[in-house]
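Heads up: numbering here begins at 1 and tracks the sequence.
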Amino acid sequence: DSSKAKLTIAAGISCLSPSDTLSIKGGTYDESFSYQQFASLSGTSWSTATTIEGYGSETVITGRVLFCGGVAGTAVRYIIFKNLHMNGGGVGGAIVVIGSCGNPGAVDHIRLDTVELYNTGSTTSVVFVGGDDGQGNGTEILNSKIHSNGSSTLNQYHGVYVTASNVLIQGTEIYNISGFGIHNYGPEARPSNNIYRNNWIHDTGRTSLASTAAIFPSSEYRVVVCMPTVAWSGCAKPGPAVRGAEATRMVVNFLLVNMA
C-alpha cells in the first residue's frame with residue numbers, strides 16, 4: 001500500500017512483524033541495520049524469515065549490517081537482506097558483522113542474497129561472521145559481490161572472515177581484497193561444516209608486500225570447497241588459491257585458473 005510508505009528504512013522496520021517483508025524503493029539511504037532493530041523480528045526458519053529487500057530492479061544503497069549481539073535472552077535469527085548495495089564510503093569498519101561482539105545475545109541464520117558489499121576503510125575485513133564463541137552459525141552469502149577494502153600490506157583484512165560453523169558462501173564474486181578472499185579461522189570455537197561453492201575469487205593480496213590466498217582454511221575442522229569455485233589468487237603478488245596446513249585434506253574438486 002503506497003499510501004503507507006515511510007520516508008526512512010528505520011521507520012519501515014518499526015512497522016514489521018516476524019516473517020514480514022520490507023521493500024525499499026531505489027535511492028541512497030544513510031542508514032545502517034542494528035541488532036536492536038531486529039530483536040523482535042526473528043523468524044523460525046528460512047520460510048518464515050523477515051526480509052529486507054530492494055524493490056524490484058531498483059538500486060538501493062544503504063549502510064552496514066551490524067548484528068553485534070544484544071542483552072542476555074535476546075536473539076536475532078532468520079533475517080534476509082536481499083538486492084541491496086551496502087557502501088562503506090571508504091572509511092570505518094566492516095560492512096557486515098554477524099556475531100556476538102562480546103555480548104550475550106544470540107545471532108545466527110542471517111542470509112545475504114544478491115547484495116553488493118564494498119568500499120570499507122583499509123584496516124578491516126569486508127564481512128565478519130562469528131566471533132570464536134558459537135555465534136553467527138548458519139550464515140549464508142548467496143549470489144553476491146564482496147570487494148574493495150583498500151590496500152593494506154598486513155595479512156589480516158579479508159573479504160570474508162569466518163569463525164562460525166555451518167556457513168554457506170555460494171555464487172559470490174570476491175575481489176580487490178588486501179588479504180585473503182575467505183579466511184576460515186578457528187582458534188577456539190573451531191568452525192566446521194562450512195561450504196564455499198561456485199564462487200569466483202580473484203585479485204586478492206593487493207600489494208607486493210602482502211602474502212595472499214583466495215581461501216585460507218586455518219581450521220582443523222572440515223571445510224568443503226566445491227567445484228566450480230574458481231580462484232585467481234594474487235594481483236601484485238601471485239599466491240596459492242587454497243592455503244593452510246589442512247588445505248589438502250579439506251578441499252575437494254577445486255578448479256584453479258591463472259595461478260602463474
Side-chain angles (χ1 to χ4, degrees), residues 1-43 45-68 76-98 107-120 124-129 136 138-149 159-160 167-177 197-200:
D1 185 346
S2 60
S3 67
K4 297 180 180 179
K6 303 298 181 182
L7 295 178
T8 66
I9 296 173
I13 292 172
S14 70
C15 296
L16 298 179
S17 297
S19 79
D20 282 351
T21 295
L22 175 65
S23 294
I24 306 169
K25 293 287 287 181
T28 299
Y29 299 82
D30 187 19
E31 300 183 63
S32 292
F33 305 94
S34 70
Y35 182 99
Q36 289 73 22
Q37 287 176 299
F38 291 85
S40 63
L41 296 178
S42 292
S45 67
W46 290 125
S47 63
T48 63
T50 299
T51 300
I52 309 297
E53 65 177 15
Y55 179 76
S57 61
E58 298 184 12
T59 298
V60 177
I61 301 173
T62 72
R64 297 167 163 85
V65 174
L66 302 176
F67 280 3
C68 276
V76 171
R77 53 176 55 103
Y78 292 109
I79 306 294
I80 297 173
F81 294 93
K82 186 174 183 179
N83 191 27
L84 300 172
H85 302 259
M86 300 181 184
N87 183 358
V91 297
I95 303 297
V96 174
V97 178
I98 300 170
V107 55
D108 54 73
H109 293 89
I110 308 300
R111 178 182 290 169
L112 305 169
D113 185 357
T114 321
V115 300
E116 183 177 11
L117 313 173
Y118 61 104
N119 203 15
T120 69
T124 181
S125 296
V126 183
V127 180
F128 285 99
V129 178
T139 292
E140 297 185 355
I141 303 175
L142 311 176
N143 309 312
S144 295
K145 291 186 176 184
I146 298 170
H147 62 93
S148 305
N149 71 335
V160 187
V167 172
L168 172 64
I169 303 177
Q170 175 176 295
T172 292
E173 183 179 11
I174 303 173
Y175 60 99
N176 289 351
I177 298 298
R197 179 170 58 202
N198 297 0
N199 302 299
W200 170 219

**Q.** Minimal non-hydrogen separation, Glu58 against Gly26, with atom names
**A.** OE1-N, 2.6 Å
Q) If only atom types and distance count, is the side chain of Thr8 paired as donor or acceptor with the main-chain N or O of Ala11 below 3.5 Å? A) yes
Q. Taking the side chain as C-beta and beyond, is there a heavy-atom pair between Val60 and Tyr55 under 4.5 Å?
A. no
Q: State the OG-CZ distance between Ser34 and Arg64, to the nearest 0.5 angstrom.
A: 14.0 Å
Q) Do Leu168 and Arg197 come within less than 4.5 Å of each other through their side chains, counting heavy atoms only? A) yes
Q) To the nearest 0.5 Å, what is the distance between CZ (Arg111) and CD1 (Ile98)? A) 12.0 Å
Q) From Ser125 OG over to Ile95 CD1, what is the distance, rounded to the nearest 0.5 angstrom? A) 11.5 Å
Q.
Please enumerate all residues that pass salt bridge (charged side-chain N to carboxylate O under 4.0 Å, His left out) together with Glu31, with sequence neighbours excluded.
A. none
Donor-acceptor pairs are to be reported for all side-chain atoms of residues 78-87 against protein atoms at under 3.5 Å, with residues two or more places apart or in another chain.
{"unit_1": "Asn83", "atom_1": "ND2", "unit_2": "Gly54", "atom_2": "O", "d": "3.3"}
{"unit_1": "Asn83", "atom_1": "ND2", "unit_2": "Gly56", "atom_2": "O", "d": "2.7"}
{"unit_1": "His85", "atom_1": "ND1", "unit_2": "Glu116", "atom_2": "OE1", "d": "2.8"}
{"unit_1": "Asn87", "atom_1": "OD1", "unit_2": "Gly89", "atom_2": "N", "d": "2.8"}
{"unit_1": "Asn87", "atom_1": "OD1", "unit_2": "Asn119", "atom_2": "ND2", "d": "3.1"}

Q. Can you tell if the side chain of Leu142 reaches within under 4.5 Å of the side chain of Thr114, non-hydrogen atoms only?
A. no
(Q) Distance check, rounded to the nearest 0.5 Å: Arg77 atom CZ versus Ser42 atom OG? (A) 6.5 Å
(Q) Are Val126 and Tyr118 packed together at the side-chain level, in the sense that at least one heavy-atom pair is separated by less than 4.5 angstrom? (A) no
(Q) A side-chain contact here means heavy atoms from C-beta on lying under 4.5 Å apart; do Val96 and Leu66 qualify? (A) no
Q) With a 4.5 Å heavy-atom cut-off, do Val97 and Phe67 have their side chains touching? A) no
Q: Quickly, which of Val76, Leu22, Leu41, Thr21 forms a side chain to side chain contact (heavy atoms under 4.5 Å, CB included) with Thr50? Name it, please.
A: Leu41
Q) Can you find a pair of side-chain heavy atoms, one from Tyr175 and one from Trp200, that are under 4.5 Å apart? A) no
Q.
The criterion is side chain to side chain contact (heavy atoms under 4.5 Å, CB included); which residues satisfy it with Thr172, sequence neighbours excluded?
A. Ile141, Ser144, Ile146, Ile169, Ile174, Asn199
Q: Say whether, by atom type as modelled, one donor and one acceptor occur between the side chain of Thr62 and the main chain of Tyr29 under 3.5 angstrom.
A: no
Q. Out of curiosity, Leu117 CG to Leu112 CG, how far, rounded to the nearest 0.5 Å?
A. 6.0 Å
**Q.** Pairwise side-chain contact, Tyr35 with Val107, heavy-atom cut-off 4.5 Å (strictly under)
**A.** yes
Q. For the residue pair Cys15 and Lys6, what are the closest heavy atoms and their distance?
A. SG-CE, 3.5 Å
Q | Verdict with supporting geometry, Asp113 and Asn143, side chain to side chain contact (heavy atoms under 4.5 Å, CB included) | A | CA-CA 6 Å; Asp113 185 357; Asn143 309 312; 3.8 Å; yes
Q: Kindly give the heavy-atom pair with the smallest separation between Pro18 and Ser40, and that separation in Å.
A: CG-O, 3.4 Å
Q. Roughly how far, to the nearest 0.5 Å, is CD1 of Ile13 from CD of Gln36?
A. 12.0 Å
